Amino acid sequence: MSEKRVALVTGSSSGIGAAVAARLAAAGLRVVVNSARSVEAGREVAASLPDAHYVQADISAQDQARRLVAEVVEHYGRLDVLVNNAGTTRRIPHADLEAAGPEVWREILDVNVIGTWQTTVAAAPHLAASGQGVVVNISSIAGSRPAGSSIPYAVSKAAIEHMTRLLAASLGPAVRVNAVAPGLIETPWTATFTDIAEAVRKSTPMRRVGLPGDVADAVLNLVDATYSTGDVVRVDGGAHLL
Ligand SMILES: NC(=O)c1ccc[n+]([C@@H]2O[C@H](COP(=O)([O-])OP(=O)(O)OC[C@H]3O[C@@H](n4cnc5c(N)ncnc54)[C@H](OP(=O)(O)O)[C@@H]3O)[C@@H](O)[C@H]2O)c1
């Protein structure tokens, strides 16, 4: 078994996931980079890190989530840290109820909630065997406020936050489970969110949009926070104070 801790970061071919992968690698962990579609970008992220491996898998499919975790353990012999970052959304005004039809709900919940769940279930025995197993789920401030790109997305993040508390209670003391709830972060996903970015620059205490590295810092803090579990840490530049 490798001596170094091993982290799996789902959805790490770009944005927050790529920054988390880089931060964990810089902290000395071996990292598995993952994405569903952007295979070349994922391979490039892995190649840019000192000791990383790329695995393509769509976490919304149970067999692929299981294969992803199996490939991590096959490649590195252990799994200590799981960062459930992969997520999806649709941008739908909250008042347009008809536009958020069942297919939109299913698509978002399949990735954000069920994907997070089945990746965690597959990883749980390995995390427990690690002796220092940690899960960090990437939520959003939309999970606790009437905000976010759509109502199904916001509800999916609320579900992730409660899943975090429930799993912390079930998996302790062997595995700690926490979440990070970012505000607006500059990534490919939010490149067109110029109206929200303007509002954030104008009125939040930090007067700037967040960077992927801001979220990666919080993830690393939770990985190292040996007595914290069931917690949700906001990384929103103080947006929740408004
Ligand atoms: N940016 C923000 O302002 C913000 C704020 C709060 C929370 N978040 C959360 O942060 C996370 C990352 O967002 P981001 O802004 O960094 O977006 P991003 O740059 O678009 O990255 C999303 C990543 O998830 C992957 N992905 C999507 N569906 C997947 C699936 N089914 N299986 C495996 N990988 C999948 C994408 O790769 P493929 O497309 O190739 O699959 C990509 O690597 C999401 O959970 C999002 O909800 C973002």
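Since the model is a prediction, treat every value here as computed from it, not as a measurement. First listed ligand is number 1; within each ligand, the first listed atom is number 1. Just so it is clear, the values below take in all heavy atoms, side chains as well, and ignore hydrogens, waters and symmetry mates.
Between R106 and E103, none of the side-chain N atoms (NZ, or NE/NH1/NH2) sits under 4.0 Å from a carboxylate O, so this pair counts as no salt bridge.
Residues that satisfy the salt bridge (charged side-chain N to carboxylate O under 4.0 Å, His left out) test with D214, not counting sequence neighbours, are R208.
Residue pairs satisfying the side-chain hydrogen bond (donor to acceptor under 3.5 Å, both in side chains) criterion with at least one member in residues 146-160, sequence neighbours excluded, are listed as follows: T89-S149, N112-S156. Within the structure, the salt bridge (charged side-chain N to carboxylate O under 4.0 Å, His left out) test picks out the following pairs touching residues 14-25 (sequence neighbours left out): R23-D217.
Among the candidates K202, R201, R91, the single residue satisfying the salt bridge (charged side-chain N to carboxylate O under 4.0 Å, His left out) test with D195 is R91.
Formation of a donor-acceptor pair under 3.5 Å by the Q56 side chain with backbone atoms of V39 is not found in this model.
At a heavy-atom cutoff of 4.0 Å, ligand 1 is surrounded by G11, S12, S13, S14, G15, I16, N34, S35, A36, R37, S38, A57, D58, I59, N85, A86, G87, V111, I138, S139, S140, Y153, K157, P182, G183, L184, I185, T187, P188, W189, T190.
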